[in-house]
2 protein chains.
Amino acid sequence: MHITQHTDYALRVLIYLGACPERRVTIKEMASSFDISRSHLMKIVTRLVTDGFIEGVRGKGGGLRLLRAPADIGVGEVVRRMEPGFDLVECFRTDSSCLLSPGCRLKSALRTALQAFLESLDTTTLADLIVNQPRLRSLLNVTAIRPSA
Amino acid sequence: MHITQHTDYALRVLIYLGACPERRVTIKEMASSFDISRSHLMKIVTRLVTDGFIEGVRGKGGGLRLLRAPADIGVGEVVRRMEPGFDLVECFRTDSSCLLSPGCRLKSALRTALQAFLESLDTTTLADLIVNQPRLRSLLNVTAIRPSA
DNA sequence: AATAAAGATTCACATAAAATGCATCTTAAA
DNA sequence: TTTAAGATGCATTTTATGTGAATCTTTATT
């Protein structure tokens, strides 16, 4: 059972932006910090923009910033939006061919468990993830001043 | 977010066996019913044997049957045993390189959510999944008598 | 205007985890 | 001794996911 790295990185982007609210952060900077390619991170960022979590400003001096208040961004919501699918097993899919399906109670048990999972994540917001902003900033090796790189 | 088909089929095997407690069921029969290869299903069965959920009897007239009472087999337990890993995101793995890790609260939030997921599954047992045994038997097209195929 | 720095888009490729199945071995009933 | 069953190991295929190059678009600065 895994969550895709897309979702993982999406959360890291939000944490990064939440830790640096006073400036625009570029994809390049974050890609370098996360040690992945600019193009790769771009996809995740594009998705976050589409979903209204963040805003991208093009052109010189541009960059990214949060569009919503950290306390208003639930981890559950991010996971729900970023994950490609929650069809835990075959019978969740429309083309399921499992003979048992019509009389099977497994599906509803799994659905309930999935709900419990997401609802648990709903209790945490981005604000909770960045409570210790100074600590995060030092971990990311960023200061209030834009790093030279 | 997915659960492997191995786990999915493992649960189906248990349901199948739970629905036919009066006889030994062969892998061949179940493979045919699930429309997958014998060899493939074998791996799942082997694992269930190793984990003590079922028993395999070799030789002519052999087959599989449950070793434990359905009410004693929790869905959560099966999932925990069959799934290859629950490292939801990179930072769950020992070789994680995420800079944020030391100050990050995401991991614990995800761990809590995962626990909620599994604990929810713990509330359902195999007995709950096979309450309507006659229905399942007709869906599987098995009767009390061994099918000719 | 021109240039440079940023995000956006499209395409193609790489990788690893799952899934799948073949061939062969072992066991035990008939 | 034959047949029907499970057990084991190996090889292959498939697919989701991850990855990045190249190019386009936008905008601040000079």
Side-chain angles (χ1 to χ4, degrees), chain A residues 1-10 12-13 17 23-32 34-51 53-65 67 82-90 93 95 97 146 148-149, chain B residues 1-10 12-13 17 23-32 34-51 53-65 67 82-90 93 95 97 146 148-149:
Chain A
M1 205 163 106
H2 300 286
I3 276 176
T4 63
Q5 279 187 249
H6 265 61
T7 304
D8 188 3
Y9 281 123
R12 295 197 213 178
V13 165
L17 296 180
R23 66 183 174 94
R24 297 206 185 95
V25 182
T26 67
I27 289 177
K28 191 178 170 188
E29 176 185 334
M30 285 192 288
S32 153
F34 298 159
D35 198 30
I36 59 175
S37 86
R38 209 177 133 272
S39 323
H40 189 204
L41 187 56
M42 183 71 71
K43 276 181 201 144
I44 293 140
V45 162
T46 300
R47 184 68 183 285
L48 287 170
V49 169
T50 303
D51 285 351
F53 289 110
I54 65 178
E55 175 189 43
V57 178
R58 289 187 180 189
K60 203 166 180 177
L64 309 164
R65 69 179 154 198
L67 261 187
M82 298 298 295
E83 276 294 295
F86 291 99
D87 40 338
L88 289 176
V89 293
E90 186 199 315
R93 291 188 272 278
D95 63 335
S97 64
R146 188 71 152 277
S148 55
Chain B
M1 204 162 108
H2 301 285
I3 277 176
T4 63
Q5 281 188 246
H6 265 61
T7 304
D8 188 3
Y9 282 123
R12 295 195 212 178
V13 165
L17 296 180
R23 65 183 173 96
R24 297 207 184 94
V25 181
T26 67
I27 291 178
K28 191 177 171 190
E29 176 185 333
M30 284 192 288
S32 152
F34 298 160
D35 199 28
I36 61 176
S37 87
R38 207 177 133 274
S39 324
H40 189 206
L41 187 56
M42 184 71 72
K43 276 185 200 139
I44 293 141
V45 162
T46 300
R47 184 68 183 285
L48 286 170
V49 169
T50 303
D51 286 351
F53 290 110
I54 66 177
E55 174 190 43
V57 178
R58 289 187 182 190
K60 203 166 181 176
L64 309 164
R65 67 177 155 200
L67 261 186
M82 297 297 296
E83 275 295 294
F86 291 99
D87 40 339
L88 288 176
V89 292
E90 187 199 312
R93 291 187 273 278
D95 62 337
S97 64
R146 189 70 152 277
S148 55

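All chains are named by letter (A, B, ...) in the order of the sequence lines, taking the proteins before the strands, and each is independently numbered beginning at 1. All values below were derived from every heavy atom in this structure, side-chain atoms included, with hydrogens, water molecules and symmetry-related copies excluded.
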The criterion is salt bridge (charged side-chain N to carboxylate O under 4.0 Å, His left out); which residues satisfy it with B/Arg65, sequence neighbours excluded? B/Glu55
Calculate the interatomic distance between A/Phe34 atom CZ and D/dT19 atom P; express it in whole Å. 13 Å
Below 3.5 Å is the cut-off: list the nitrogen or oxygen pairs between protein and nucleotides 14-16 of chain C, distance only.
none

Taking atom P of D/dG20 as reference, at what distance in whole Å does atom CZ of A/Arg38 sit? 13 Å
Considering only C/dT9, D/dT17, D/dT8, which nucleotide approaches the side chain of B/Met42 most closely? D/dT8
How close or far is atom P of C/dA17 from atom CE of A/Met1, stated in whole angstroms? 18 Å
Between P on D/dT17 and CG on B/Leu88, what's the gap in Å once rounded to a whole number? 14 Å
So A/Met42 and A/Lys28, do their side chains get closer than 4.5 Å, heavy atoms only? no
Under 3.5 Å, which donor-acceptor pairs link side chains of residues 82-89 of chain A to any protein atom two or more places apart or in another chain?
unit_1, atom_1, unit_2, atom_2, d
A/Glu83, OE1, B/Met1, N, 2.8
A/Glu83, OE2, A/Thr4, N, 2.8
A/Glu83, OE2, A/Thr4, OG1, 3.0
A/Glu83, OE2, A/Thr7, OG1, 2.7
A/Asp87, OD2, A/Arg93, NH1, 2.8

Any B/Val25 side-chain heavy atom under 4.5 Å of B/Arg23 side chain: yes
Within the pair A/His6 and D/dT17, is there a side-chain N or O less than 4.0 Å away from OP1 or OP2? no
Scan nucleotides 24-30 of chain D against the protein and return all N/O pairs shorter than 3.5 Å with their distances rounded to 0.1 Å.
unit_1, atom_1, unit_2, atom_2, d
D/dT25, O2, A/Arg58, NH1, 3.3
D/dT26, O4', A/Arg58, NH1, 2.9
D/dA28, O4', A/Lys60, O, 3.3

Report yes if some heavy atom in the side chain of A/Glu90 is under 4.5 Å from a heavy atom in the side chain of B/Arg12; otherwise report no. yes
Distances for protein N or O near nucleotides 9-12 of chain D N or O, under 3.5 Å:
none

Which residues pass the salt bridge (charged side-chain N to carboxylate O under 4.0 Å, His left out) test with B/Asp51, sequence neighbours left out? B/Arg47, B/Arg81
Rounded to the nearest 0.5 Å, the CD1 atom of A/Ile36 sits from the CD1 atom of A/Ile44 at a distance of 5.0 Å
Quickly work out the B/Met82 CE to C/dA19 P distance and round it to whole Å. 10 Å
Which of D/dA7, D/dT19, C/dG7 is nearest the side chain of A/Gln5? It is D/dT19
As an exercise, state the distance from CD of B/Glu29 to CG of B/Leu64, rounded to the nearest 0.5 Å. 10.0 Å
Whole-Å distance, B/Leu17 CG to D/dG6 P, equals 11 Å
Could you state the atom-to-atom distance from CD1 of B/Ile36 to C1' of D/dT14 in whole Å? 16 Å
To the nearest angstrom, how far is B/Lys28 atom NZ from D/dA7 atom P? 16 Å
Nearest nucleotide by nearest heavy atom, which residue falls closer to the 5' end of DNA chain C, A/Gly63 or A/His2? A/Gly63
Non-hydrogen atoms of B/Leu67 and B/Ile54 that approach each other most closely: CD1-O, 3.7 Å
For the residue pair B/Leu41 and B/Ile27, what are the closest heavy atoms and their distance? CD2-O, 3.7 Å
Quick one: does any side-chain atom of B/Thr50 pair with a main-chain N or O of B/Thr46 as donor and acceptor, under 3.5 Å? yes
Go nucleotide by nucleotide along DNA chain D from the 5' end; which of B/Thr46 and A/Ser37 gets its closest nucleotide reached first? B/Thr46
Using only modelled atom types and a 3.5 angstrom limit, is any donor from either the side chain of B/Arg24 or the base of D/dG6 paired with an acceptor on the other? no
